[in-house]
Amino acid sequence: MKNLPECLRSIVVGRPSALGEESPLKRRFFRDVASVSILMLAGLVVGLGINRLTKAPLPLVYQSPEERFSASLATLISTPPLNLLPPTRIQLEQFRSAVQDRAAIILDARPSVFFKDGHVPGALNLARDNFTRDFQRLVPILKLAEEKPIIVYCSGGDCHDSRLVANALLVLGFSNVSVFTGGWDAWSAAKLPVSMGGAT
Amino acid sequence: MVSSKTSGVDGRCHLRSIHKPNADVAIAIISLALGAIFIYAGTDKLRDFLVFADSIAAFAIVPEKLINLMALGLPPFEVIAGLMIALPVGRRIGSLSIALCSVMFMLALSSALMRGLTLDCGCFGTGTPSRARMWLEMCLDVFICSGALYVYLDVNPHRYREQA
């Protein structure tokens, strides 16, 4: 008598000795795989439909974050950011006092999905992913508070978004821009206050 | 009704039906749990296709031309599969879809782990990339795959075929 693993093996491998030439299980399995393939195509069609309805549809061919950022920046400035000095880096204590005293404009460079899930209180979302649109939205606020320093953060650790956004702001004429390297990871690890919700 | 797998006198696999109400309840619970997980995972990815496309690209195993198509197709597929496994009528195809999806995630994760990459899988929501999280998601995939296969084999239409 064959046991369960043997039967399973027969279904997947399809050995004639176990299943016979006309195995209904084997036929059924391949028919099911064909149905799953049709389901995948249906998923793709639905996904393409949803994508068309979104505000910023995803192009059909993938662009890396660097390519997207360059393209986005190219729409704002005529020349790429060459030979830029790296923005100043600040640590958690300095960042915390700037947040508490409202002494700086805090910018969150992470995608809006992460921003909505939690961000530093008072931070504005200038996502690297969506730089052009977010920048145009925030220009009035940034111009009004031109004398204030700007501090940019992203996830923390190895994330490059804050550095890219800070560099772009320097190119666009903002002089007092720094990066909080600890980012969201350091802020949340220190159990400091958190705000939730949509892009501010 | 659930089935037990045995072989008949002709050497073929036959699935004998045995009445086990508790097992039926277990199948229903597993199906609903898997359905809920996949509906959650799919809708979470639908929130931002771009984030999911970046997660796929980080694995460096999918050709660039296919990354966005995969990012667009996989989340609705997960939602549909989640809905199907939750409904008795589509349970067989839903469970097989989920099993195949989990196998795909497992292969991608193990390839990344073997290459020493630390990334956000994006399989069940987004988060900070970490090796520990990758291992956790791998374990979750193993459980999901096992559960889905269990459901798939139980709802096979030949289970009512009595042994000769």
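Side chains are part of it too, since the values below use all heavy atoms of this structure and drop only hydrogens, waters and symmetry mates.
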Residue B:R115 excluded, over 12 heavy atoms near CZ under 6.0 Å: yes
B:Y40 with B:F77, same ILVMFWY side-chain cluster at under 4.5 Å: no
Residue part contacting chain A, namely of B:M84, when any heavy atom lies under 4.5 Å: side chain
Heavy-atom contact with chain B under 4.5 Å, split by part of A:P57: neither
Shared hydrophobic cluster for A:I141 and A:L107 (ILVMFWY, side-chain gaps under 4.5 Å): yes
Contact check, side chains of B:L50 and A:R68, non-hydrogen atoms, under 4.5 Å: yes
Interatomic distance, A:R52 atom CZ to B:L72 atom CG [nearest 0.5 angstrom]: 12.0 Å
Distance (rounded to the nearest 0.5 Å) between A:I38 CD1 and B:S97 OG: 11.0 Å
Proximity breakdown for A:V33 and chain B, heavy-atom pairs closer than 4.5 Å: both
B:V62 vs A:Y62 side-chain heavy atoms within contact, under 4.5 Å: no
ILVMFWY cluster, B:F105 and B:Y152 together (side-chain gap under 4.5 Å): yes
Sub-4.5 Å side-chain heavy-atom contact between A:V61 and B:E64: no
Hydrophobic cluster identity match, A:V179 and A:F174, side-chain contacts under 4.5 Å: no
pair B:N68-A:L60: side-chain heavy atoms closer than 4.5 Å: no
Residue part contacting chain A, namely of B:L74, when any heavy atom lies under 4.5 Å: neither
Residue pairs passing the salt bridge (charged side-chain N to carboxylate O under 4.0 Å, His left out) test where at least one lies in residues 71-80 of chain B, sequence neighbours excluded: B:K45-B:E78
More than 12 heavy atoms from other groups under 6.0 Å of CZ on B:R131: yes
Heavy-atom pair count under 4.5 Å with chain B, highest-scoring of A:T54, A:L44, A:V36: A:V36
Exercise: identify the closest heavy-atom pair between B:V51 and A:P111: CG2-CB, 4.1 Å
Verdict with supporting geometry, A:K116 and B:D48, salt bridge (charged side-chain N to carboxylate O under 4.0 Å, His left out): CA-CA 12 Å; A:K116 282 173 189 164; B:D48 198 335; over 6 Å; no
Partner chain A: residue of B:I56, B:L69, B:L66 with the largest heavy-atom pair count (under 4.5 Å): B:L69
Which of B:L100, B:D54, B:L149, B:V79 touches chain A most, by non-hydrogen pairs under 4.5 Å: B:D54
Atom group of B:L46 that falls short of 4.5 Å from chain A, counting heavy atoms: side chain
Cluster check B:F52, B:I67: I/L/V/M/F/W/Y, side chain < 4.5 angstrom: yes
